[in-house]
Amino acid sequence: MEEGYTAKAEKETGKASGKAMEGLLEYIKKGVSPYHTVHAAKEELEAAGCEELELSEPWKLQRGQGYFVRAHGSTLFAFRVNPGFVPADGFRIAAAHTDWPCMRIKTAPEMQSGRYRKLNVETYGAPSLSTWMDRP
């Protein structure tokens with residue numbers, strides 16, 4: 001007996017969802033810090049044909065082309081110019097960020113406590129502080 005349309009669609013959707021989940025998990029494994037996340041995103045954008053731009057250089061944008069800009073190693077923004085873009089119509093932006101709760105090393109980080117040397121850190125985001133036992 002032949003499967004009905006709904007059963008076939010559910011199987012295909014399940015396969016697609018599984019592939020999407022595998023891709024997401026692989027991406028999460030690559031993104032162990034904001035810097036790694038930006039690097040993984042850069043690789044994906046380049047594979048998709050996007051061009052990297054420099055903040056300090058003039059941009060020559062083309063309709064239909066994708067672009068991305070990296071700053072400070074931990075920031076990336078990407079965009080695509082709509083093929084039918086008309087400047088008078090304005091533009092839309094969607095945004096996300098690549099950071100998460102963590103301890104960031106301060107600019108003058110070296111500390112001495114008895115015979116131990118420490119790095120002075122500050123909280124960023126909303127980390128679970130009880131897991132950081134030895135911090136200033």
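Just so it is clear, the model here is predicted, and its values are computed rather than measured.
Between the S33 side chain and the H36 main chain, a donor and an acceptor come within less than 3.5 Å of each other.
Contacts of E52 classified as salt bridge (charged side-chain N to carboxylate O under 4.0 Å, His left out), with partners at least two apart in sequence or in another chain: R70. Checked against side-chain contact (heavy atoms from CB on, under 4.5 Å), H39 has the following partners two or more places apart in sequence or in another chain: E43. Checked against salt bridge (charged side-chain N to carboxylate O under 4.0 Å, His left out), E26 has no partners two or more places apart in sequence or in another chain. Taking I28 as the reference, L24 meet the side-chain contact (heavy atoms from CB on, under 4.5 Å) condition, with sequence neighbours excluded. Judged as a ring pair (Phe, Tyr, Trp, His ring centres under 6.0 Å), and not counting sequence neighbours, the contacts of Y67 are F79. Looking at residues two or more places apart in sequence or on another chain, you find a salt bridge (charged side-chain N to carboxylate O under 4.0 Å, His left out) between K42 and E46. For R117, the salt bridge (charged side-chain N to carboxylate O under 4.0 Å, His left out) criterion is met by E110, not counting sequence neighbours. With sequence neighbours excluded, no residue satisfies side-chain contact (heavy atoms from CB on, under 4.5 Å) with A48. Partners of P58 by side-chain contact (heavy atoms from CB on, under 4.5 Å), not counting sequence neighbours: none found.
Q65 CD to L53 CG: the interatomic distance, rounded to the nearest 0.5 Å, is 9.0 Å.
Looking at every heavy atom in both residues, L45 comes nearest to A78 through CD1-CB, 3.8 Å. Contact between T37 and Y27 at its shortest, heavy atoms only, is O-OH, 3.6 Å. Here the closest heavy-atom approach between residue P83 and residue R63 is recorded as O-CD, 3.1 Å. Heavy-atom minimum distance, A41 versus L76: CB-CD1, 4.2 Å. Minimum interatomic distance between V38 and T75 (heavy atoms only, all atoms of both residues): CG2-N, 3.7 Å.
Criterion: ILVMFWY side-chain heavy atoms under 4.5 Å apart, direct or through other members. Under it, L61 and F77 are part of a common hydrophobic cluster.
Contacts classified as salt bridge (Lys or Arg N to Asp or Glu O under 4.0 Å) and involving residues 77-88 (residues at least two apart or in different chains) are not found.
With a 4.5 Å cut-off on side-chain heavy atoms, V69 and W59 count as touching.
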